[in-house]
Amino acid sequence: MSKILFATSEAYPLIKTGGLADVSGSLPAALKSLNHAVRLILPAYPQAKERAGPLKCITTIHLPGSQEAARVLEGRLPGSRVYVWLVDYPPAFDREGNPYLDANGRDWPDNAERFAFFCRVVTEIAMGRAGLGWHPEIVHCNDWQTGLAPALLSLEAERPATVFTIHNLAYQGVFPAEVFFRLGLPPQLWHFEGLEFHNHLSFIKGGLAYADKLSTVSPTYAREIQTAEFGYGLDGLLRHRATDLRGILNGIDLDEWNPATDPHIERHYDARRLSAKQDNKRALQAEFGLPESNDLMLGSVGRLVEQKGVDLLLDIIEPLAELPVQLALLGSGEARFETALQEAAARHPHKIGIKLGYSERLAHRVEAGADAFLMPSRFEPCGLNQLYSLRYGTPPIVHAVGGLADTVVDASAEAIKQKTATGFCFYYASGGALLRTIGRALEVYAQTPKWRSIARTAMAQVFDWKSSARQYIALYKETMTR
Ligand code: ADP
Ligand code: GLC
């Protein structure tokens with residue numbers, strides 16, 4: 001049994017902006033079910049405080065230079081027995097809405113201070129200096145918001161081992177150099193093999209350079225980030241650390257995402273009752289203001305940002321509207337994409353339905369009601385929506401990169417024959433390739449038995465957390481014997 005402090009900036013159902021929350025809400029519970037002692041630590045945002053209650057203050061920590069003492073509030077991750085520790089420091093975290101962005105979608109101007117504070121508290125707890133009487137053997141950090149913790153811990157003697165997981169290398173937490181000095185970080189961390197990145201402060205480098213072991217969320221992405229194309233200037237460092245870097249595929253919560261029991265969807269179904277999916281399609285059409293039709297219903301859910309290939313979809317929106325398809329898209333993100341999608345829906349009200357915003361319920365209903373799921377991501381560290389789609393018998397149409405390449409088997413003639421196909425892949429990020437692949441899906445969709453066979457194979461795939469958690473445990477073990 002190991003003692004693990006799992007540090008993250010979001011965790012479902014306490015607070016969520018994307019897949020990091022799904023992972024942070026599931027992996028700690030999976031580790032616990034394998035008999036490891038886990039504490040999930042995150043900032044005490046108002047939503048998190050509401051949802052993790054009842055809360056008990058278990059210690060206070062006064063960091064030098066801070067405006068007031070931080071309290072550590074202990075609660076539970078809903079639906080599990082995992083203890084949650086919320087770092088309650090109102091000057092940094094008592095803000096409604098998104099954990100990283102203000103109401104206008106801009107980064108909070110003090111993000112560096114906020115997450116540096118969080119990392120310092122994590123470090124104090126990790127070192128057993130917070131009066132908690134609990135000494136983790138492993139500190140598992142996730143993404144840039146937690147990157148300073150491995151760096152600070154590297155300066156300590158007798159410290160726990162550190163693991164840093166990259167969920168998305170595109171978000172690095174880079175700030176002007178003066179922020180490093182303003183934060184009062186130890187000067188020995190300021191060099192090009194440390195926190196400095198082109199004369200800026202890089203939070204993510206704290207993880208990449210100083211954690212004992214690194215992981216990312218799929219084997220393919222682990223390889224991709226070691227290349228200039230996907231490495232964002234950090235590929236050299238990642239190649240240097242290649243022997244410490246693992247790709248461990250995310251799992252999904254099989255209870256939360258189960259078409260046989262999902263409370264959000266119109267009608268339950270499973271692989272033997274696939275025809276019941278039709279009722280979910282009708283409900284989706286009604287909800288997205290689309291006419292009833294038997295055309296191929298494409299679903300899409302996600303952040304409307306460049307990563308997700310929204311521009312590829314917009315490039316082909318006119319020819320797409322000529323095909324026997326409908327599109328139900330749920331998302332929110334950059335204004336330019338939101339506007340362009342709304343305009344497309346206004347031009348083609350019978351073909352394209354758009355819902356801007358964030359809705360767990362609708363996300364489930366899109367997975368259940370769509371025939372196929374669109375995920376033309378330019379890059380995708382793992383991706384969860386394609387895994388939900390597989391489970392919902394909604395073959396994903398994906399750009400075969402990162403976790404998409406590792407989880408979707410293209411419906412080539414051979415794979416269809418062998419009954420291994422689970423979706424449709426394209427291998428070059430262009431609108432043309434996406435359109436051709438949708439065309440290929442349409443051909444198969446016209447042959448119902450073939451389509452159903454792909455959907456059933458998709459539903460039989462198991463991406464559970466248990467096997468991923470075992471791989472993390474193996475990584476922790478390696479780390480502890482460093
Ligand atoms: P990323 O973390 O890059 O956003 P993932 O596919 O790993 O991508 O995870 C995204 C998660 O966020 C999924 O659980 C998805 O359903 C959810 N999600 C994204 N956008 C929305 C939205 N607008 N409404 C509801 N859920 C959303
Ligand atoms: C990131 C990635 C996504 C991944 C998620 C959880 O947000 O963009 O691909 O699934 O983290 O690891």
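Both backbone and side-chain heavy atoms feed into the values below; hydrogens, waters and symmetry mates do not. Every number for a ligand or one of its atoms is a count from 1 in the order of the listing. Since the model is a prediction, treat every value here as computed from it, not as a measurement. One-based numbering along the sequence shown.
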N-O pairing of [X] and [Y] below 4.0 Å:
X	Y	answer
Glu137	Lys477	no
Glu318	Arg347	yes
Arg391	Asp262	no

- Is there a donor-acceptor contact under 3.5 Å linking the side chains of Thr479 and Asp212?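 Looking only at side-chain atoms, Asp212 and Thr479 do not form any donor-acceptor pair under 3.5 Å.
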- Can you tell me if Asn98 and Tyr358 form a side-chain donor-acceptor pair at under 3.5 Å?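 No, no side-chain donor-acceptor pair sits under 3.5 Å.
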- Message: Between Trp451 and Phe424, does the ring pair (Phe, Tyr, Trp, His ring centres under 6.0 Å) criterion hold? Intermediate values first, please.
- Response: CA-CA 11 Å; Trp451 185 268; Phe424 300 85; 5.7 Å; yes
Nearest non-hydrogen protein atom, [atom]:
atom	result
atom 12 (O) of ligand 2	His167 ND1, 2.7 Å
atom 3 (C) of ligand 2	Glu380 OE2, 3.4 Å
atom 8 (O) of ligand 2	Gln307 NE2, 3.0 Å
atom 10 (O) of ligand 2	Gly383 N, 2.8 Å

- Query: Between Gly19 and ligand 2, does any nitrogen or oxygen pair lie at a separation below 3.5 Å?
  - Reply: no
- Indicate, with yes or no, if the rings of His140 and Tyr472 have centres closer together than 6.0 Å. yes
- Item | Sub-4.5 Å side-chain heavy-atom contact between His200 and Gln172 | no
- Looking only at non-hydrogen atoms, the one of Val217, Asn250, Leu387 nearest atom 6 (C) of ligand 2 is Asn250
- Task: Would you verify whether the NZ or CZ of Arg76 falls within 45 degrees of the ring axis of Tyr83 while also being under 6.0 Å from that six-membered ring's centre?
- Result: yes
- Message: What does the 4.0 Å heavy-atom contact list look like for ligand 1?
- Response: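 Answer by chain and number: Lys16, Gly18, Gly19, Asp22, Val301, Gly302, Arg303, Gln307, Lys308, Leu330, Gly331, Gly357, Tyr358, Ser359, Ala363, Glu380, Gly383, Leu384, Asn385, Tyr388.
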- Note on the structure: One finds that the ligand 2 atoms under 4.0 Å from a non-hydrogen atom of Val23 are 6 (C), 12 (O)
- Item | Pro381 neighbourhood, listing ligand 2 atoms whose heavy-atom distance to it stays under 4.0 Å | 2 (C), 8 (O), 9 (O)
- side chain to side chain donor-acceptor pair (under 3.5 Å) with Gln326: of Glu292, Gln285, Lys351, Lys281, only one passes, and it is Gln285
